[in-house]
Colleague: 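Can you read through this structure? Questions will come right after.
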Amino acid sequence: MATEVIWFKRDLRLRDHPPLLQAIDSAGLSGQSLLPLFFVEPERLKQPDTSEIHLHWELDCARALDRELQRRGSRLWILHADPLEVFQLLHETVELTALHSHEETGTDWSFQRDRAVQKWCRKMGVDWHETPSNGVVRRLKGRDAWKSARDRRMRQVLADAPELIPAPPEIPSLDQWSCPDLSSLGFPERPLRDRPDPGESSAQDVLNGFLEERGEPYRYAMSSPLSGSYHCSRLAPYLALGCLSLRRVVQQTQQREKQLKSLRQEGRDTQRWLPSLSSFKSRLAWHCHFMQKLEMEPDLDVVAQNPVIDARMPRPLVEDKFQAWSTGNTGWPFLDACMRQLHATGWINFRMRAMLMSVASYTLWLPWRETGLHLARLFLDYEPGIHWSQVGMQSGTTGINTVRAYSVTKQGRDQDPEGDYIRRWVPELARVPAESIHEPWKMDKAEQERSQCRIGSDYPAPLVDEGKARKEGVSKTYAARRDPEARKKSQEVFQKHGSRKGPTRRRKPAQKSSQAPDADQPGLFQE
DNA sequence: ACGGGAGTTGTTGTA
DNA sequence: GTACAACAACTCCCG
């Protein structure tokens, strides 16, 4: 009997999964058996952006999917193997006729793997049916047509989970690839504090909790790590693995908006909800926008979007700076607290991610590739397209975004005025009073004694003078951008990748009149 | 969705 | 009531 494969990649769910439905139809019609596969790929394990927390999260979500499949008469094979090798064996033993999967947008190794699979399929006469994922449009030339294509995609009807899935074939030879314990593959488990529950139904619970309850003050609460951990959606780890489809999140948010508007008619207070959901929707759109960049620029993680600018500001990997930054021992309390929360939980809110990257790039002048890899490994929700786009923006290497150099002390005072967040994550500072918590190095000897925090022994002195170093970094960046070659390249980057939303001008349409984005002034381009 | 300085407008307290 | 300093709040600009 011939066999078709449903290849689960970063789409570990049963609902709103067109390739799965298509596979069930196709296999059912021709009386073939259907084999659900998921791979832990050896090539993937070699990548520098892969970490133990990703793999454990992924395996747990895959196991949750397996349980759901078993409930419907099938199961999931979780294989430690190169997909091509497995397909080859299936072709030889059970007459593989078709593959069904979503399109994947990843870094080079997955791109090359997909090319190899495609080539093999052509040669062997196997049909590979690929369905687009979330808002990413394959083979897109420029950005002009993107937004409408993405919105169309988000409006497609959501499919239910299939009730019954054809029983899988017996293929004992697959057992040779059954996935061993990850620690034997060199990835010993690193337990995370407050790790989310894996799987599709947990993802749905988190979404419901956000839309019903937690999201009300989202717009105002997301910027601070204190309030953000509760009021942000916390969907990213699920979206990264496709436990939920982005389309479902968009559509459920729209439904909730409708409901809130009718509640408003009844006189209920929806003051905070509606602006919050509107911010949330715009972030869901940015999610797709940034993934699209990697789709169109598969080497986004190794080559800066504007290589001319990048080449004009070489940043050396100074070991002690990198060490201090990456472990949360810079001597800047707020930054250290953020980095330590990230280590412990695999999560930090978006604004603080930007700060971590920006301080590494401007104030510490560290190379984005290494700092970006470090963060990639720490984010439980690592999504390559979003991550490397953000790394580019926060390191000033795109040329199309305004330079945003965050100040740790200012952010600390703005987001954590009393220092409660700092004390929670940096116990060395537990007894430092609010007046000194953001700049403990300014305490005199007596104050250091009183707060049991001697600078230089209990807690490090700051790596560099922040004010001075930050300014230097920013002006070096502007100098690199001013170069005519760099500007020319920025114009090209904008043509290909820039958001067509335009700068967010605050009223006053007079005077300067309609000045279209001008390539000679890259500073005008906003994302 | 940067930060800091300069300039502008608005508010309050005092003589 | 008026004049004005002191200061907060906003806007604009530049690196």
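Quick note on labels: first sequence line is chain A, next is B, and so on, each numbered from 1.
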Colleague: What is the distance, to the nearest angstrom, from the CD1 atom on Ile348(A) to the P atom on dA1(B)?
Modeller: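 Interatomic distance, CD1 of Ile348(A) to P of dA1(B): 17 Å.
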Colleague: Can Arg264(A) be said to sit on top of Trp273(A)'s aromatic six-ring, NZ or CZ under 6.0 Å from centre and within 45° of the ring axis?
Modeller: no
Colleague: Base, sugar-phosphate, or nothing for Tyr478(A), non-hydrogen atoms under 4.0 angstrom?
Modeller: base
Colleague: Is any side-chain N of the basic residue among Lys147(A) and Asp151(A) closer than 4.0 Å to the acidic one's carboxylate O?
Modeller: yes
Colleague: How close or far is atom P of dG15(C) from atom CG of Asn401(A), stated in whole angstroms?
Modeller: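 That distance rounds to 19 Å.
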Colleague: Between dC2(B) atom P and Met355(A) atom CE, what is the distance in whole Å?
Modeller: 13 Å
Colleague: Describe, in one word, how the ring planes of Phe280(A) and Phe210(A) are oriented to each other, choosing from parallel (under 30°), tilted (30 to 60°) and perpendicular (over 60°).
Modeller: tilted
Colleague: Whole angstrom is fine here: how far is it from CE in Met352(A) over to C1' in dC2(B)?
Modeller: 12 Å
Colleague: Please enumerate all residues that pass salt bridge (Lys or Arg N to Asp or Glu O under 4.0 Å) together with Arg152(A), with sequence neighbours excluded.
Modeller: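 Partners of Arg152(A) by the salt bridge (Lys or Arg N to Asp or Glu O under 4.0 Å) criterion come out as none, since no residue qualifies.
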Colleague: What's the CE-P distance between Met357(A) and dC2(B), to the nearest Å?
Modeller: 17 Å
Colleague: Between residues 407-417 of chain A and DNA chain B, which residues have a heavy-atom gap below 4.0 Å?
Modeller: Ser407(A), Lys410(A), Gln411(A)
Colleague: In terms of side-chain geometry, is the basic nitrogen of Arg195(A) or Asp60(A) positioned less than 4.0 Å from the acidic oxygen of its partner?
Modeller: yes
Colleague: Whole angstrom is fine here: how far is it from NE2 in His289(A) over to C1' in dA1(B)?
Modeller: 13 Å
Colleague: Thinking salt bridges, do Glu257(A) and Lys281(A) make one under a 4.0 Å N-O criterion?
Modeller: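 Looking at Lys281(A) together with Glu257(A), the answer is yes, because their closest N to O distance falls below 4.0 Å.
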Colleague: How long is the line joining CZ of Arg470(A) and P of dG5(B), in whole Å?
Modeller: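 Distance check: Arg470(A) CZ to dG5(B) P gives 10 Å.
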Colleague: Would you kindly give the OH-to-P distance between Tyr362(A) and dG3(B), to the nearest whole Å?
Modeller: 12 Å
Colleague: With respect to the phosphate group of dC2(B), does any side-chain polar atom (N or O) of Arg351(A) fall under 4.0 Å of OP1 or OP2?
Modeller: yes
